[in-house]
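Each remark here refers to the structure printed beneath this line.
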There are 2 protein chains.
Amino acid sequence: MATIKDVAELAGVSIATVSRVVKGNGNVSPKTAAKVTSAIKQLNYHPNALARQLKHQCTNNIIIIIPDISNTFFHEILHGIEETAERNDMHILIADMHNKTSIEEYYLRALMQKEVDGIISFSANVAQQLLKQAANDFPLVIACQYLDNIDIPSITIDNVAAAKEICNHLIASGKKNIAHLTALPNFLLYQDRLDGYTASLRENGLDFRAGLIRYCSPNIKSGYEQTLSLLDSGIYFDSIFAAGDTMAIGAIRALKERGISIPDECAVAGFDDIEMSSLIDPPLTTIRQPKYQIGCDAMNMLISLIRGSHIAKRNIVAEHQLVIRQSSCSVN
Amino acid sequence: MATIKDVAELAGVSIATVSRVVKGNGNVSPKTAAKVTSAIKQLNYHPNALARQLKHQCTNNIIIIIPDISNTFFHEILHGIEETAERNDMHILIADMHNKTSIEEYYLRALMQKEVDGIISFSANVAQQLLKQAANDFPLVIACQYLDNIDIPSITIDNVAAAKEICNHLIASGKKNIAHLTALPNFLLYQDRLDGYTASLRENGLDFRAGLIRYCSPNIKSGYEQTLSLLDSGIYFDSIFAAGDTMAIGAIRALKERGISIPDECAVAGFDDIEMSSLIDPPLTTIRQPKYQIGCDAMNMLISLIRGSHIAKRNIVAEHQLVIRQSSCSVN
DNA sequence: AAACAAAATGTAAACGTTTACAAAAAAGAA
DNA sequence: TTCTTTTTTGTAAACGTTTACATTTTGTTT
């Protein structure tokens, strides 16, 4: 590997001059520039990024921590992030946790070690102590994750209110026995949605029945399996609220397979409004999150943090929207 | 930001000693270690990763370049990559090109500047010169992309043979008018699949008709639209071979919407065997790529390149498999 | 041709680590 | 106690850049 020194030697100039040529803007005479350029070509020289970053104390790289990249929910958010990043000359890299918290921890450490300029995390699944410490001294934004009263820059919708709203809708449609598919509550947001569900029942004078709650992994297969198991359990229900569209899609598959009519015999509602939800049969009633906008806002927030500029709001609550489709209402 | 110097000063030792304590293995007396540890805590010191990497000349980070992260085809491959990486203490980061070649170029440059230890790219959509140069001196593996006779470590299936095989299957099922949905041929692999299609026609004595070829973006929506446009064109066809499952799924949606029975009036075949393909109605006939294995192999290859060990095969051809489902055969 | 200003180049000190090597301190053996 | 050996510590030179400052070269003005 040729270094700047080799180039300087070959071109017969000082390393400072080489650096100026590489950077482009420095005052260097055309003759010298030509000599240097030729030496660079000849040696196939590439400036070392680490040395440069060390000197500049910044990398222009930022990392997005995603719990599971195959969850399509994140894709549109990523668009928003990517486009905002590009406008600001930042480069984003995605760390797929694959639901392993060790990965989140690793990159939070990388942030504190200045290996990257900032992080947007869609997980918050490590020791609160670590999160707090990272957010305190470094640019970190938590998105789509509720945090129990620690002050970290964040953006999220109001999951409790949204879940309540969609359950109220089911109840208003005449359903009184709502089953709930949720995911393991290591993510607080599933806890929030469960809270919204119970709040809705309570406010409508319905009983909470533990037998109607099923824990899934947040994917189609698991939603499918848990719905079958629910059907086999013999417990009566006339609707399903799944805390994620993937689980809801699995539920629809199971119901159809058993010949149960949707929504008449059993209505289904999801959460997130992923792309597939409007395409399946029947189209899925769900909560739409302003995904693209969340991405943009999260990135803008992070950039402000990196630049040290003032942040108007450290905790943004984005607007959600109830999207009613045929899975919950015959007449639309 | 506290540096190693600050810690050394506070603890009253040399920076070498601090370094030894941080690293963990060095010979340092318990008393000194305690002093240093306390100073580290007190100053909230985190070693600078860039300085460390500069010294070590390696980062343990490798980048995966993906054309479009929302293409589920890549997700299972990523599993293979991630698990192999973890076993080897490497950390992977995903660069989503979002189909912009500028991003691929940027990270190839990052590789040459030693910002990362290696790259696996699922794109090859920049100047061949750049690719060649990068692969020549740095650890780079191209996966799932055919490269026109340049010698770069790679792994791929035989796209021509696979496409031929699936078209032969359609023809053997009695279809004689196969439409083809393909994607813009900036990716050579689509060219390959088209070649397989034409080869199959030729070998079976059927005419190639340009009107049966439609160019899509490789996603559901575009497959849907192009199929509708094909139907509206009035050109007769009795089957569709889509060069990707997402396009095929769009095609199925369009056919169903128009009340055309699958596979009797029109058979459909895809390519890739993504998760959704076995779940839709009717299940999709397709070519399965050994995705997980491709991920493992690509990563292992890259690790060998990084370690400088000998590589048995620089160009791996993975085995594909024709998966026949109901979208092409009523009786299965 | 001398005096000056402007442009081009070089020198050397950073950036924050790691690590050979040297030196000092502690422990063990005689 | 004195001499070795072992353990612990420190010194200083890397790693490959950038950049303030000093110096030299070039060009302009008189």
Side-chain angles (χ1 to χ4, degrees), chain A residues 1-40 43-61 109-117 137-138, chain B residues 1-40 43-61 109-117 137-138:
Chain A
M1 272 312 73
T3 73
I4 199 170
K5 237 177 176 169
D6 304 320
V7 176
E9 215 156 291
L10 180 60
V13 299
S14 75
I15 58 169
T17 302
V18 176
S19 177
R20 283 188 269 258
V21 172
V22 170
K23 207 181 7 159
N25 66 339
N27 286 346
V28 32
S29 78
K31 282 175 289 183
T32 340
K35 276 194 297 182
V36 172
T37 312
S38 136
I40 287 176
L43 294 172
N44 194 23
Y45 165 74
H46 299 280
N48 183 298
L50 296 173
R52 195 178 258 186
Q53 292 171 352
L54 173 60
K55 189 78 225 219
H56 282 143
Q57 300 275 60
C58 87
T59 66
N60 288 332
N61 291 154
R109 292 242 142 76
L111 173 66
M112 297 196 284
Q113 300 182 171
K114 310 219 60 170
E115 196 172 341
V116 292
D117 289 358
D137 294 331
F138 304 89
Chain B
M1 271 311 75
T3 74
I4 198 171
K5 236 177 176 170
D6 305 320
V7 176
E9 214 156 291
L10 180 59
V13 300
S14 75
I15 58 168
T17 301
V18 176
S19 177
R20 283 188 268 260
V21 172
V22 170
K23 204 175 17 153
N25 66 339
N27 285 346
V28 32
S29 78
K31 280 173 292 180
T32 342
K35 273 193 299 182
V36 171
T37 312
S38 134
I40 287 176
L43 293 171
N44 193 22
Y45 165 73
H46 300 280
N48 183 298
L50 296 173
R52 195 178 257 186
Q53 291 170 352
L54 173 60
K55 188 79 227 218
H56 282 144
Q57 300 276 62
C58 88
T59 66
N60 288 331
N61 290 154
R109 293 243 142 77
L111 173 65
M112 298 196 284
Q113 301 182 170
K114 311 218 62 172
E115 196 172 340
V116 293
D117 289 358
D137 294 330
F138 303 89

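Within every chain, numbering begins at 1; the chains are lettered A, B, ... in the order of the sequence lines, protein sequences first and strands thereafter.
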request  = Could you pull out the closest heavy-atom pair between A:I4 and A:Y45, with the gap in Å?
outcome  = N-CE1, 3.4 Å

query = How long is the gap from CG on B:L50 to NZ on A:K55, to the nearest 0.5 Å?
reply = 14.0 Å

task = Select base, sugar-phosphate, or nothing to describe what A:Q57 touches, counting heavy atoms under 4.0 Å on all strands.
result = sugar-phosphate

remark   = Heavy-atom closest pair (B:I40 atom, B:V22 atom, distance to 0.1 Å) is CD1-CG2, 3.9 Å

Strand contacts (DNA chain D) in residues 29-40 of chain B, 4.0 angstrom heavy-atom criterion = B:S29, B:T32

query = Has B:T17 got a side-chain N or O lying under 4.0 Å from the OP1 or OP2 atom of D:dG10?
reply = yes

remark   = Sorted by position of nearest nucleotide on DNA chain D, 5' first, the leading residue of B:A51 and B:A16 is B:A16

inquiry  = Distance under 4.0 Å to a non-hydrogen atom of chain B counts as contact; along DNA chain C, which nucleotides mark the start and end?
reply    = C:dG16 to C:dT19

ask   = Please give, in whole Å, the distance from D:dG10 C1' to B:I4 CD1?
value = 13 Å

message = Working to the nearest 0.5 angstrom, can you tell me the gap between B:N27 CG and B:T32 OG1?
response = 11.0 Å

Of B:N27 and A:V18, the one whose closest DNA chain D nucleotide lies more 5' = B:N27

task = Taking the side chain as every heavy atom from C-beta outward, state whether B:M1 and A:F138 have any atom pair closer than 4.5 Å.
result = yes

inquiry  = Please report the interatomic distance CG(B:N44) to CG(B:D6), rounded to the nearest 0.5 Å.
reply    = 12.0 Å

task = With the side chain counted from C-beta on, respond yes when A:N61 and B:E115 share a heavy-atom pair under 4.5 Å apart, and no when they do not.
result = yes

request  = Could you tell me the separation between the CZ atom of A:R20 and the P atom of D:dC21, rounded to a whole number of Å?
outcome  = 14 Å

query = Across the strands shown, which category fits A:N48 at heavy-atom distances under 4.0 angstrom: base, sugar-phosphate, nothing?
reply = sugar-phosphate

ask   = To the nearest 10 degrees, how far apart in direction are the end axes of the helix from C:dA1-D:dT30 to C:dA30-D:dT1, each fit to five base pairs?
value = 50°

query = Which value, rounded to the nearest 0.5 Å, describes the distance between A:L54 atom CG and B:R52 atom CZ?
reply = 13.5 Å

request  = Classify the nucleic acid contact of B:I15 as base, sugar-phosphate or nothing, counting any heavy atom under 4.0 Å across all strands shown.
outcome  = base

inquiry  = Please find the pair of heavy atoms, one from B:A8 and one from B:S14, that lie closest to each other, and give the distance.
reply    = CB-C, 3.8 Å

query = Would you say the side chain of B:N48 lies within less than 4.5 Å of the side chain of B:T3, judging by non-hydrogen atoms?
reply = no

task = Please confirm whether the backbone N or O of A:C58 pairs with a side-chain atom of A:D117, one donor and one acceptor, at under 3.5 Å?
result = no

inquiry  = At 4.0 Å (heavy atoms only), tell me whether A:K23 reaches a base, stays on the sugar-phosphate, or touches nothing.
reply    = sugar-phosphate

